[in-house]
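Quick caveat: nothing in here was measured; it's all calculated off a predicted structure. Proteins come first, then strands; the chains are lettered A, B, ... in the order of their sequence lines, and each starts at number 1.
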There are 2 protein chains.
Amino acid sequence: MKIKLLHEKLNNYLTKNRLKSTKQRDIIVETFFETQGEHVKIEELLELVRKKNPQIGYATVYRTLMLLVDAGVAHQRHFHDGQSRFEIESAHHHDHLICTECGKIVEFENNTIEEIQEKVAKKNKYNLTGHKLELYGVCEDCQKK
Amino acid sequence: MKIKLLHEKLNNYLTKNRLKSTKQRDIIVETFFETQGEHVKIEELLELVRKKNPQIGYATVYRTLMLLVDAGVAHQRHFHDGQSRFEIESAHHHDHLICTECGKIVEFENNTIEEIQEKVAKKNKYNLTGHKLELYGVCEDCQKK
DNA sequence: TTTCTTGCAAAGACTTTGCATCCAT
DNA sequence: ATGGATGCAAAGTCTTTGCAAGAAA
C-alpha cells in the first residue's frame, strides 16, 4: 500500500475517534513509514525517532504503534525471539522466512499453502480466523561463514 | 512415542550427564507423561504435581521441563497467548489448529505444506532448520454459542 | 476549557537465576 | 563427603498502565 493511502487511513481513524495529532505522533508515524520492508522492534523505532527528537519517550512510541495497529496501518508480529515487531500493513498477505543467525527476514506468499490451511480448518470444522507461518533457517550469507 | 521409550530416553540423558533422580523429579516427569495429547502450561503442570506433593515449587517444575526439552522428550511451544506450553515429544512432526475461544488444540500433519516450505526455503537459498505453523479459528462447539 | 497526549515511573505477566540448604550417590 | 537438586525470593525481560503535567482543538 502506498504511504499516501496509509496516511489517509490513519487520518480517518484519528478523526473518527476524535484523536489528536501531535508533534510526537507525527514524527513517530513518519519514521515508522520510512521503515518500509523492515520489521522494527519498539526499541529500534524509538532509537530512530530520537534522532529527530531525543525527548520522545518509550511509552509514546509504544502507544503510537498500538494506535497504528488499531487503525489498520501496521501489523504486529511475534517471532521466535519474544519481542514484538511491527511492519507496515501491506495489501497482500504474506508469511516470513527468517534467518536464525543474522535475523534477515524474507517475505513470501504461497496460495497453495493458504488453500491447504483452509481445507485443514474445514475438515476439523473450525472457522479459520488467522494463521501464523514462519520458516526458520540460515540464509545464504550466513551459511558461508 | 511410547511412554516407556520416553523414560528410556530420559534416563539415558540423566546418566550421560551425571544427573540425579529425585522424588520431585520423578513426580513431575510422571505427571507430565500423563498429559499425553495436551499442551500444558507450567502453572497447570505445577497444579497437577501439587496434588501428589504440595511442597513442590514452581522453579522445580520449570527446571524439570527445561530438562525434558533438553533430553528430547518434550517440546516447548509458544502460542498466541504468550505463555510457554509443553507437549510430549511425538514421533511425527505436526502443526496446530487452535480455537481462539476455548483454547482447544487440534494437531495435524500435512506433507504438502512441508514440501512447499522446503521449496520456498530453497528458492531463497535458506537452509531450513525449523518452522512454525499455527492456524487460529473457532471450533465447532464455540461456533454454536 | 475540555479532552487527549506525553513522559516517567511503577506495575504486570512470565521467565530465569542466585543461594543457602537438602539429598542422592 | 560431593556435587547435583530444591524452594524461595529476587532479578530479568518486555509489555502495559496510572497519573500529574502539558498540548491540541
Side-chain angles (χ1 to χ4, degrees), chain A residues 10-32 39-71 74-86 103, chain B residues 10-32 39-71 74-86 103:
Chain A
L10 175 58
N11 286 334
N12 282 344
Y13 182 86
L14 295 179
T15 307
K16 204 170 295 173
N17 295 280
R18 290 185 209 71
L19 302 178
K20 294 169 181 173
S21 85
T22 65
K23 241 184 317 168
Q24 292 92 327
R25 195 166 276 175
D26 289 347
I27 291 178
I28 297 167
V29 169
E30 173 194 307
T31 308
F32 176 67
H39 300 74
V40 285
K41 300 183 218 177
I42 299 172
E43 284 289 355
E44 290 171 346
L45 185 56
L46 177 63
E47 207 180 310
L48 293 173
V49 158
R50 281 188 167 159
K51 286 181 185 166
K52 301 180 182 172
N53 179 341
Q55 309 315 316
I56 294 178
Y58 179 99
T60 305
V61 171
Y62 169 78
R63 284 188 278 230
T64 302
L65 281 168
M66 294 300 132
L67 174 70
L68 294 180
V69 170
D70 289 344
H75 251 347
Q76 184 169 14
R77 308 265 180 198
H78 301 272
F79 296 146
H80 209 358
D81 63 358
Q83 285 165 79
S84 284
R85 287 160 182 272
F86 297 82
Chain B
L10 175 58
N11 287 333
N12 282 344
Y13 183 86
L14 294 178
T15 307
K16 203 170 294 172
N17 294 281
R18 290 185 209 71
L19 303 178
K20 295 170 180 171
S21 85
T22 64
K23 242 182 318 170
Q24 292 92 329
R25 196 167 275 176
D26 290 347
I27 291 178
I28 296 168
V29 169
E30 173 194 307
T31 308
F32 176 66
H39 300 74
V40 285
K41 300 182 216 176
I42 299 172
E43 285 288 355
E44 290 171 345
L45 185 57
L46 177 62
E47 207 179 310
L48 292 173
V49 158
R50 282 188 166 158
K51 286 181 185 167
K52 302 180 182 172
N53 180 342
Q55 308 314 316
I56 294 177
Y58 179 98
T60 305
V61 171
Y62 168 78
R63 284 189 277 229
T64 302
L65 281 169
M66 294 300 133
L67 174 69
L68 295 180
V69 170
D70 289 345
H75 250 350
Q76 184 169 13
R77 307 267 179 195
H78 300 273
F79 295 146
H80 211 357
D81 64 358
Q83 285 164 80
S84 284
R85 288 159 183 272
F86 297 82

*Gap between atoms NE2 and P, on B/His78 and D/dT15 respectively (whole Å)*: 14 Å
_side chain to side chain contact (heavy atoms under 4.5 Å, CB included) against A/Ser21, all qualifying residues, sequence neighbours excluded_ = A/Asp26
*Starting at the 5' end of nucleotides 2-9 of chain D, put B wherever the base has a protein heavy atom under 4.0 Å, S where only the sugar-phosphate does, and a dash everywhere else.*
-BSSBBB-
_Could you work out, with side-chain hydrogen bond (donor to acceptor under 3.5 Å, both in side chains) as the rule, every residue matching B/Gln76, not counting sequence neighbours?_
B/Ser84
*asked:* Output the rounded distance in Å from CD (B/Gln83) to C1' (C/dA13).
replied: 8 Å
*Whole Å only: how far is the CZ atom of B/Arg77 from the C1' atom of C/dT15?*
19 Å
I'd like a table of donor-acceptor pairs (distance under 3.5 Å, sequence neighbours excluded) in which one partner is a side-chain atom from residues 10-19 of chain B, with atom names and distances.
unit_1  : atom_1 : unit_2  : atom_2 : d
B/Asn11 : ND2    : B/His7  : O      : 3.2
B/Thr15 : OG1    : B/Asn11 : O      : 2.8
B/Asn17 : ND2    : B/Tyr13 : O      : 2.8

*May I have the distance from B/Leu46 (atom CG) to C/dC14 (atom C1'), rounded to whole angstrom?*
14 Å
*To the nearest Å, how far apart are B/Asp26 CG and C/dA24 P?*
10 Å
*With respect to the phosphate group of D/dT15, does any side-chain polar atom (N or O) of A/Ser84 fall under 4.0 Å of OP1 or OP2?*
yes
*asked:* Could you tell me how far apart A/Tyr62 (OH) and D/dG18 (P) are, to the nearest whole angstrom?
replied: 12 Å
*Mind checking side chain to side chain contact (heavy atoms under 4.5 Å, CB included) for B/Lys23 and listing every partner two or more places apart, or none if nothing turns up?*
none
_Atom pair OG1/CZ of B/Thr60 and B/Arg25 - distance to nearest 0.5 Å_ = 9.0 Å
*Sequence neighbours excluded - side-chain hydrogen bond (donor to acceptor under 3.5 Å, both in side chains) pairs with any residue from residues 47-59 of chain A*: A/Glu30-A/Lys52, A/Thr31-A/Lys52, A/Glu34-A/Lys52
